[in-house]
Undergrad: 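Below you will find the structure I want to go over with you.
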Amino acid sequence: MAPTRAEPFSDSSALIDFVINQGNGVKGLSEMGLKALPRQYIQPLEERMCMINIKAQESIPIIDMSNPDDPDVEKLICEAASKWGFFQIINHDVPIEVLENVKDATYKFFVLSAEVKNKYSKEHSSSNNVRFGTSFTPQAEKALEWKDYLSLFYVSEEEASALWPLACREQVLDYMRKSEVVIKQLLKMLMKGLNVNEIDETKESLLMGSMRTNLNYYPKCPNPELTVGVGRHSDVSTLTILLQDEIGGLFVRENNCDNWIHVPPIKGSLVINVGDALQIMSNGKYKSVEHRVVANGYNNRISVPIFVNPRPSDMIGPLPKLIKDGEKPIYKQVLYSDYVKHFFRKGHDGKKTIEFAEM
């Protein structure tokens with residue numbers, strides 16, 4: 001039974017039960033028509049978005065991928081990965097109808113009843129590779145984040161067909177398949193920027209041996225200024241390929257300062273960002289950069305990232321070619337699954353995860 005509207009969650013256990021145990025998520029809270037944000041979602045002052053620090057005139061690079069073999073395109077991508085850690089690509093090879101279909105499928109999943117979605121929660125899912133959840137790591141966070149998600153770790157077409165929710169299965173698989181061409185193009189260019197001119201099977205496996213897609217849902221929020229959709233963090237991936245809807249709300253930290261830059265939605269574009277794994281493998285040449293998502297008081301928002309990762313069993317460290325060329329390694333070799341576990345063991349905390357791999 002849903003709590004009453006007047007004083008819906010007098011204690012945390014009632015909120016946890018409603019949001020997490022019953023599978024209502026923050027979508028369920030949003031649809032109650034709350035006039036005030038439950039205190040469990042109120043972020044510490046230093047984690048809230050300060051509008052004074054937003055550089056409205058700045059933009060991350062927007063790169064036209066219509067001719068991916070053009071050396072100028074490669075140069076722009078390597079520069080963007082080094083300076084910004086983020087860029088948007090337009091005129092890429094993923095058809096717009098594939099992007100629209102996966103957005104529609106995201107909404108289709110989140111309009112399912114709490115009871116149906118809850119079948120995919122940590123407690124009830126038949127596989128660790130399919131997970132419906134809310135916030136980031138609720139048990140480790142000081143304050144909860146205003147987001148629900150479905151996380152789909154790709155193992156095989158057979159497993160996806162058997163275990164992924166029918167509402168979004170085919171559309172997500174199509175999005176992942178069609179994105180693979182672009183992912184390979186980007187990795188080829190980024191490796192050339194490190195003087196690694198051939199990506200053999202071993203390197204390809206290290207760079208993109210596993211993939212995960214999240215369907216993210218950010219419902220409208222009664223006090224968006226007091227909370228976050230996603231807190232400050234960098235991704236643990238090699239690369240992240242993000243499809244965002246037309247609402248906007250993603251902010252990127254400008255390198256080496258406290259300014260934040262909004263990433264405006266461009267229809268048909270994909271936002272690309274460097275993850276910690278690539279920062280480590282490039283020995284710091286490519287930067288994984290802090291980013292965050294603000295909550296919205298007027299609209300529901302969705303986004304669909306594909307996280308392109310090493311395999312859990314891979315050791316990651318600076319690429320041997322870089323060390324052979326005389327560079328001093330600034331990161332040690334770490335087991336990728338250990339790195340990821342460290343990331344998920346705590347709340348979002350900016351760039352602190354990378355310290356796990358520092359020499």
Side-chain angles (χ1 to χ4, degrees), residues 81 85-87 94 102 127-131 133 136-137 149-157 159-160 163-164 172-173 175-191 194 196 199-216 230 233-243 270-291 303-319 331-346 348 351-354 356-357:
F86 262 83
F87 52 96
V94 187
V102 83
S127 167
N128 281 335
N129 298 330
V130 182
R131 179 66 46 80
F136 175 61
T137 307
Y149 66 87
L150 175 70
S151 182
L152 301 166
F153 184 87
Y154 180 83
V155 174
S156 67
E157 296 268 335
E159 184 182 285
L163 300 178
W164 290 11
V172 174
L173 281 170
Y175 172 48
M176 291 180 87
R177 280 187 217 110
K178 299 290 196 313
S179 298
E180 204 168 310
V181 177
V182 175
I183 292 162
K184 286 181 175 174
Q185 286 170 344
L186 292 169
L187 288 172
K188 186 180 171 189
M189 294 180 213
L190 289 164
M191 287 301 105
L194 301 173
V196 176
I199 301 182
D200 58 20
E201 220 172 287
T202 311
K203 280 199 197 73
E204 186 174 293
S205 177
L206 179 66
L207 294 165
M208 55 179 292
S210 71
M211 292 201 201
R212 178 165 61 90
T213 303
N214 271 20
L215 309 185
N216 294 328
V230 179
H233 71 287
S234 59
D235 293 346
V236 293
S237 57
T238 303
L239 285 181
T240 302
I241 315 300
L242 176 76
L243 169 64
L270 290 166
V271 179
I272 312 296
N273 66 277
V274 171
D276 289 358
L278 185 56
Q279 176 168 326
I280 292 164
M281 286 190 265
S282 71
N283 206 30
K285 177 168 182 184
Y286 299 138
K287 309 286 191 298
S288 70
V289 172
E290 272 186 62
H291 50 288
S303 70
V304 190
I306 298 174
F307 300 100
V308 179
N309 310 305
R311 292 167 307 180
S313 58
D314 282 326
M315 295 297 291
I316 60 167
L319 293 169
Y331 301 106
K332 60 192 175 191
Q333 296 283 329
V334 295
L335 183 66
Y336 186 62
S337 60
D338 287 347
Y339 192 86
V340 173
K341 276 180 204 153
H342 178 64
F343 177 67
F344 282 105
R345 210 174 277 140
K346 55 195 175 51
H348 281 137
K351 280 280 288 178
K352 286 193 180 164
T353 310
I354 202 89
F356 186 80

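In what follows, residues are counted from 1 in the order of the sequence shown.
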Undergrad: If you compare all heavy atoms of Ser210 against all heavy atoms of Arg311, which two are closest, and at what distance to 0.1 Å?
TA: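 Answer, listing the atom of Ser210 first, then Arg311: OG-CA, 4.1 Å.
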
Undergrad: Under the side chain to side chain contact (heavy atoms under 4.5 Å, CB included) criterion, do Ile354 and Tyr339 qualify, and how do the steps go?
TA: CA-CA 9 Å; Ile354 202 89; Tyr339 192 86; 3.7 Å; yes

Undergrad: If you define the side chain from C-beta out and look only at heavy atoms, does anything of Asn214 sit under 4.5 Å from Val304?
TA: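 No, side chains not in contact.
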
Undergrad: Check whether NZ of the Lys or CZ of the Arg Arg212 lies under 6.0 Å from the centre of the six-membered ring of Phe153 and within 45 degrees of that ring's axis.
TA: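 No, Arg212 does not sit over the ring of Phe153.
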
Undergrad: How would you list, by chain and number, every residue that makes a side chain to side chain donor-acceptor pair (under 3.5 Å) with Ser127, sequence neighbours excluded?
TA: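 Applying side chain to side chain donor-acceptor pair (under 3.5 Å) to Ser127 gives none.
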
Undergrad: If you measure only the distance, is there a donor-acceptor pair under 3.5 Å linking the side chains of Asn216 and Ser303?
TA: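 The criterion, which ignores hydrogens and geometry beyond distance, is satisfied for Ser303 and Asn216.
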
Undergrad: For the residue pair Gln333 and Ile316, establish whether any side-chain heavy-atom pair is separated by less than 4.5 Å.
TA: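 No - every pair of side-chain heavy atoms lies 4.5 Å or more apart.
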
Undergrad: If we only count heavy atoms from C-beta on, is the Met191 to Leu194 side-chain gap below 4.5 Å?
TA: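 They are in side-chain contact.
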
Undergrad: Assess whether atom NZ of Lys346 is packed by more than 12 heavy atoms of other residues, nucleotides or ligands within 6.0 Å.
TA: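 Yes, because the 6.0 Å sphere around NZ of Lys346 holds more than 12 heavy atoms from other groups.
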
Undergrad: Let me confirm one number: the OG-CG distance from Ser156 to Asn129, rounded to the nearest 0.5 Å.
TA: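 It comes to 9.0 Å.
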
Undergrad: State which residues pass ring-ring contact (aromatic ring centres under 6.0 Å, His included) with Tyr286; sequence neighbours excluded, sorted by chain then number.
TA: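 Applying ring-ring contact (aromatic ring centres under 6.0 Å, His included) to Tyr286 gives none.
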
Undergrad: Please give me the minimum heavy-atom distance between Val289 and Gly85, naming the atom from each residue.
TA: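 Between these two residues, the closest heavy atoms are CG2-CA, 3.8 Å.
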
Undergrad: Before giving the answer on side chain to side chain contact (heavy atoms under 4.5 Å, CB included), spell out for Leu150 and Arg131 the whole-Å C-alpha distance, their side-chain angles and the decisive distance to 0.1 Å.
TA: CA-CA 6 Å; Leu150 175 70; Arg131 179 66 46 80; over 6 Å; no

Undergrad: Which residue is it: Thr238, Leu239, Leu187? I am looking for the one with a side chain to side chain contact (heavy atoms under 4.5 Å, CB included) to Met208.
TA: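 It is Leu187, the one option of Thr238, Leu239, Leu187 that forms the side chain to side chain contact (heavy atoms under 4.5 Å, CB included) with Met208.
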
Undergrad: Nearest 0.5 Å, what's the CG-CG distance between Leu215 and Leu152?
TA: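 Rounded to the nearest 0.5 Å, the CG-CG separation comes to 5.5 Å.
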
Undergrad: Taking side chain as C-beta onward, heavy atoms only, is Thr353 less than 4.5 Å from Phe344?
TA: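 Not in contact.
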
Undergrad: Report yes or no: does His291 contribute a side-chain atom to a donor-acceptor pair with the main-chain N or O of His233 at less than 3.5 Å?
TA: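 Flag set: sc His291 to bb His233 pair under 3.5 Å.
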
Undergrad: Quick one: closest heavy-atom pair of Leu242 and Tyr175, and the distance?
TA: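 Smallest interatomic distance, heavy atoms only, reads C-OH, 4.3 Å.
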
Undergrad: Considering only heavy atoms from C-beta outward, does the side chain of Leu319 approach that of Leu206 to under 4.5 Å?
TA: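 Side chain of Leu319 against side chain of Leu206, heavy atoms only: contact under 4.5 Å found.
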
Undergrad: Considering non-hydrogen atoms only, spot the tightest contact between Ile306 and Met211 and give its length.
TA: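 Residues Ile306 and Met211, closest heavy atoms: CG2-SD, 4.1 Å.
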
Undergrad: Please report the closest heavy-atom contact between Tyr336 and Ala277, naming both atoms and the distance.
TA: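 It is CE1-CB, 4.1 Å.
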
Undergrad: Do Glu204 and Asp200 have side-chain heavy atoms sitting under 4.5 Å apart?
TA: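 No - every pair of side-chain heavy atoms lies 4.5 Å or more apart.
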
Undergrad: Output, in order, the C-alpha distance, side-chain angles, deciding distance and verdict of side chain to side chain contact (heavy atoms under 4.5 Å, CB included) for Phe87 and Asn273.
TA: CA-CA 7 Å; Phe87 52 96; Asn273 66 277; over 6 Å; no

Undergrad: Rounded to the nearest 0.5 Å, what separates atom CZ in Phe307 from atom CD1 in Ile241?
TA: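 Rounded to the nearest 0.5 Å, the CZ-CD1 separation comes out at 10.5 Å.
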
Undergrad: Mark yes when over 12 heavy atoms from residues, nucleotides or ligands other than Asn128 sit less than 6.0 Å from its CG; otherwise mark no.
TA: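 Not more than 12 within 6.0 Å, no.
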
Undergrad: Is the count of non-hydrogen atoms from other residues, nucleotides or ligands lying under 6.0 Å from Glu201 atom CD greater than 12?
TA: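 Open.
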
Undergrad: Is there a donor-acceptor contact under 3.5 Å linking the side chains of Ser288 and Asp276?
TA: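 Note: Ser288 and Asp276 side chains meet the donor-acceptor criterion.
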
Undergrad: Do you see a donor-acceptor pair shorter than 3.5 Å between the side chains of Tyr331 and Asn283?
TA: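 The answer is no; no qualifying pair exists.
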
Undergrad: Minimum heavy-atom separation for Lys178 to Val94, with atom names?
TA: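 Scanning both residues, the minimum pair turns out to be O-CG2, 3.7 Å.
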
Undergrad: Val236 and Phe356: side chain to side chain contact (heavy atoms under 4.5 Å, CB included), yes or no, with the steps?
TA: CA-CA 12 Å; Val236 293; Phe356 186 80; over 6 Å; no

Undergrad: Under a plain distance cut-off of 3.5 Å, with no hydrogens placed, do Thr240 and Ser237 share a side-chain donor-acceptor pair?
TA: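 The answer is yes; a qualifying pair exists.
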
Undergrad: Rounded to the nearest 0.5 Å, how far apart are CD of Glu180 and CE of Met176?
TA: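 So the gap between those two atoms works out to 8.5 Å.
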
Undergrad: Which value, rounded to the nearest 0.5 Å, describes the distance between His342 atom NE2 and Leu335 atom CG?
TA: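 Spacing of NE2 (His342) from CG (Leu335) equals 14.0 Å.
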
Undergrad: For the CG atom of Leu190 and the CD1 atom of Ile272, what is their distance to the nearest 0.5 Å?
TA: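 Output value for this atom pair is 9.5 Å.
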
Undergrad: Does any part of the side chain of Val334, heavy atoms only, come nearer than 4.5 Å to the side chain of Met315, both counted from C-beta?
TA: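 In short, these two side chains do not touch, never coming nearer than 4.5 Å.
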
Undergrad: Just wondering, do Leu173 and Tyr154 contact through their side chains at under 4.5 Å, heavy atoms?
TA: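 Yes - at least one pair of side-chain heavy atoms lies under 4.5 Å apart.
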
Undergrad: Could you name each residue pair satisfying salt bridge (charged side-chain N to carboxylate O under 4.0 Å, His left out) that touches residues 277-291, not counting sequence neighbours?
TA: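 Only Arg232-Glu290, Arg253-Glu290 qualify under salt bridge (charged side-chain N to carboxylate O under 4.0 Å, His left out).
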
